[in-house]
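Labels below follow one simple rule: chain letters A, B, ... track the order of the sequence lines, proteins then strands, and each chain is numbered from 1. It should be emphasised that the depicted structure is a prediction, and the values quoted were computed from it without experimental measurement.
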Amino acid sequence: MNEVLHTFSRLAPFIQEYIYHHNWSELRPVQIAACKVIFDTDAHLLVAAGTASGKTEAAFLPILTLLYENPPQTIGALYIGPIKALINDQFARLNDLLKEADIPVCHWHGDVSQSRKKQLLKNPKGILQITPESLESLLINKNNELMRLFGDLRFVIIDEVHAFMGSERGCQILCQLSRLQSLTQTQPRRIGLSATLGDYLMAEEWLGSGSDKLVITPEIEEVKRQIKLALEHFYVDGDGELRETNLRDAEEAEGRGERDGGGYEEYVFNLSKRRKCLIFANNKRQTESIIASLREIAVSEGLADIYHVHHGSISASLRQSAENAMREVDKPAVTAATLTLEVGVDIGHLERVIQLESPPSVASFLQRLGRSGRRGAAADMRFVCAEEKVSVEASLEEQIPWQLLQCIAIIQLYLEERWIEPIKPIKYPLSLLYHQTMSILAAGGEVSPAALAKQVLSLPSFSAIALEDFRLLLRYLIDINHIQLTEENKLIIGLAGEKVVRKFQFYAVFPDNEEYVVKHATTEIGSIFMPPPIGNQFALAGNAWEVLEVDFRKKIVLVKQVEGKASNFWRGGSGNIHTRILQRMRQVLQEDVEYSYLQKNALKRLLKVRELARNSGLDKQNILLLENNKCCIFPWMGTVAYRTLERLLNSCCRESLEIKSIGGVNPYFLTIKLGKDKFKYLYNEIVSLCEQRITAEDLLADAEAPEIQKYDRFIPHSILRKAFASDYLDMEELKQQVKKW
DNA sequence: GACCTGCTGCGGAATG
């Protein structure tokens with residue numbers, strides 16, 4: 001009997017019927033592979049297969065079969081998803097599949113009615129689809145009923161594992177599974193799903209942590225899909241008063257030739273006209289402005305308004321109507337979105353995806369590409385890079401089309417090597433350490449300090465935390481009254497702790513998006529995510545500011561204005577660009593290749609910048625003297641190593657090189673103003689610093705302890721410093737990269 | 001100025 005038939009016959013009758021009635025012509029390779037692992041082994045399963053390859057069904061078909069054959073006494077399978085919309089989607093799909101079966105499905109998140117939840121609590125059977133936050137609330141508030149709910153749990157499915165790995169939210173899931181395991185004394189099998197994993201070994205390690213079962217990642221034959229890519233480049237006008245000068249300079253530069261300013265919006269308009277099309281941008285402002293422009297053009301041409309915006313600050317109902325418009329068959333609709341439409345939620349198959357500027361990562365590129373292409377048709381993705389035209393006298397680093405280079409680098413890394421960024425695990429998730437400590441206390445009532453330490457430190461996410469440091473944390477939490485020591489020497493939640501734990505915001509481990517308000521005396525300048533340490537500078541609203549005072553409770557930063565151009569404060573954690581992307585960008589400048597997807601203007605722009613690179617020495621040197629003792633470092637390294645370099649210069653050579661200012665808004669370059677004649681020492685200084693035994697922790701100022709995650713403010717500073725040095729800086733990588741200079 | 005995700009239990013009003 002052939003393999004497909006064999007697998008088919010192994011499935012529960014109601015599933016066979018479902019497949020038959022839905023005219024599935026065959027089981028997909030990923031589904032057969034998943035069935036083999038689930039039916040024939042006792043291992044965990046990592047399903048790493050392309051978008052739209054049928055991963056969720058691959059997990060559920062064999063699991064439902066096993067639950068059907070041997071019904072569990074409690075909830076039998078737990079599905080954990082990153083967003084509510086995805087859970088709703090999966091809930092509808094699973095209900096459809098289970099119409100003829102006697103396995104109940106329950107979805108549980110903030111928008112699900114109390115009555116539904118009560119129903120499950122009364123009769124805990126079948127499948128539960130839930131968010132990490134709602135699961136946390138069950139662990140705390142239904143602590144006494146967990147055995148009744150999960151005592152016979154067999155499977156845990158984690159969807160979009162790449163969205164969890166490398167974040168505290170992912171660590172939280174691992175802690176929750178561990179807590180359930182030690183309570184029920186069972187080891188449910190785990191199934192992880194993802195389309196964009198760069199390193200299977202790392203993902204396997206993540207999925208299996210805290211359990212001793214093997215993780216199997218079946219090799220799955222890639223579904224061959226044709227990909228159509230095109231990349232075009234435009235010059236656009238800068239805004240404000242400089243516009244006219246810019247244009248005049250630009251025209252002179254082009255030798256009074258054709259002016260290629262403008263045309264950018266029209267180009268995007270024509271790409272999306274009368275189509276079902278998604279436009280990805282890298283920030284909210286850009287989604288707003290492109291849709292406003294497209295709508296304007298449509299109106300002037302008497303065409304229908306089919307335009308929507310979708311991002312985190314758009315209300316749920318408007319987002320919903322955008323999603324609905326995209327789902328409607330055979331009706332054109334255009335939605336501009338940020339990351340919000342990147343994960344999982346099924347919005348139907350699109351004719352085309354447009355990306356403004358470069359995607360932030362290869363993983364993101366693939367996720368977005370996967371949105372395009374009806375069954376069988378080629379995926380179609382158009383990149384549009386718009387660059388503000390600058391004067392020819394502008395500084396060298398301002399004349400580089402960084403987005404264009406990054407875009408090419410990301411496409412090439414995928415086409416040439418199928419490379420995707422690996423996701424590094426967090427070594428010291430301290431904010432989560434606080435969270436889980438409080439959660440365990442809130443759930444279980446009083447425990448002895450030793451028992452609490454044992455319980456918390458045995459959780460897989462905290463394997464790097466030293467017992468000594470945990471003691472320090474407990475003592476500190478007792479000091480600030482988050483934890484209280486009873487007369488019987490037991491620990492309970494303290495008065496200040498109650499206030500944190502009893503807030504319903506406690507269940508999420510990521511911070512609410514409240515930003516710090518920046519105030520100059522009584523004038524409000526704007527807001528930033530995290531204030532830099534006192535005495536440091538940052539840019540906002542076109543000016544440079546120095547931090548005078550930070551009120552962490554009221555979230556206010558008091559500043560004074562300073563001269564010059566400061567760097568924008570670097571938000572910790574997220575948004576790291578990998579070193580390989582920067583390296584490949586440099587190669588794009590150096591190599592003599594005309595990539596086939598480059599359109600006319602993009603190719604022209606690339607050839608021009610390659611010439612500039614040759615003439616300026618940028619293609620060979622990492623440090624260039626520009627003018628007036630201003631020099632520019634092109635490190636060609638990722639965000640973490642770049643941040644480390646910036647700190648190294650800041651803390652070790654400010655005096656020796658008479659550094660007046662250091663500025664960089666991105667990992668592409670770093671501009672420095674040096675003392676007179678100091679340029680010739682810069683390179684040697686960096687190299688010699690890299691040869692010394694400087695650790696990442698040496699690069700923190702004396703009183704500095706960056707509070708980045710939600711509960712970092714309750715962590716003793718000495719541990720916080722260690723964590724920042726380990727998870728946000730990388731001296732080793734910096735050394736390695738500098739050796740290549 | 002990247003970006004994104006999530007949330008309980010209760011009281012009271014409105015409805016069938």
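Across all strands shown, A:R169 has heavy atoms under 4.0 Å from base atoms, whether or not it also approaches the sugar-phosphate.
Relative to the six-membered ring of A:F164, A:R169 misses at least one condition, a distance below 6.0 Å or an angle of at most 45° to the axis.
Counting only distance, with no hydrogens or angles, the side chain of A:Q709 and the backbone of A:S431 share no donor-acceptor pair below 3.5 Å. Not one N or O on the side chain of A:Q505 forms a donor-acceptor pair closer than 3.5 Å with the backbone of A:D512. Put simply, the side chain of A:K117 gets close to the backbone of A:H109: a donor and an acceptor are under 3.5 Å apart.
Between A:Y507 and B:dT8, no base-stacking contact is recorded for ring centres under 5.5 Å apart and planes less than 30° from parallel. In this pair, A:F504 lays its aromatic ring flat on the base of B:dT8, centres within 5.5 Å and planes under 30 degrees apart.
Considering only side-chain atoms of A:H109, the nucleotide from B:dC7, B:dA2, B:dT5 that sits closest is B:dC7. Set against B:dC4, B:dG9, B:dC7, the side chain of A:S134 has B:dC7 as its closest nucleotide. You'll find that the side chain of A:R319 is closest to B:dT5, out of B:dT5, B:dT8, B:dG6. For A:K84, the listed nucleotide lying nearest its side chain is B:dC7; candidates were B:dC4, B:dT8, B:dC7. Nearest to the side chain of A:L339, among B:dC3, B:dG9, B:dT5, sits B:dC3.
For A:T131 and B:dC7, the shortest distance from a side-chain N or O to OP1 or OP2 is below 4.0 Å. Note on A:N141: a side-chain N or O is less than 4.0 Å away from OP1 or OP2 of B:dG9. In terms of phosphate contacts, A:K503 brings no side-chain nitrogen or oxygen within less than 4.0 Å of OP1 or OP2 of B:dG9. A:S137 has a side-chain polar atom (N or O) that falls below the 4.0 Å cut-off from OP1 or OP2 of B:dT8. Within the structure, a side-chain polar atom (N or O) of A:T338 is placed less than 4.0 Å from OP1 or OP2 of B:dC4.
Between the CG atom of A:D111 and the P atom of B:dG6 there is a distance of 8 Å, given to the nearest Å. Rounded to an integer number of Å, the gap from A:D512 CG to B:dG6 P is 13 Å. Across the protein-nucleic acid pair, A:I80 atom CD1 and B:dT5 atom C1' stand 14 Å apart, rounded to whole Å. Computed from coordinates, the A:Q505 CD to B:dT8 P distance equals 11 Å when rounded to whole Å. The interatomic distance linking A:Q129 (CD) with B:dG6 (C1') rounds to 17 Å, in whole Å. Nucleotide B:dT5 holds its P atom 14 Å from the CD atom of A:E160, rounded to whole Å. Distance, A:H310 NE2 to B:dC3 C1': 14 Å, rounded to whole Å. For the pair A:F365 CZ and B:dA2 C1', the computed distance is 20 Å after rounding to whole Å.
More than 12 heavy-atom neighbours from other residues, nucleotides or ligands sit within 6.0 angstrom of CD on A:E145. At most 12 non-hydrogen atoms from other residues, nucleotides or ligands lie less than 6.0 angstrom from CZ of A:R116.
With DNA chain B read from its 5' end, the first of the two nearest nucleotides for A:P82 and A:K142 is the one closest to A:P82. Where A:W108 and A:N282 each meet DNA chain B at their nearest nucleotide, the meeting point lying more 5' is that of A:N282.
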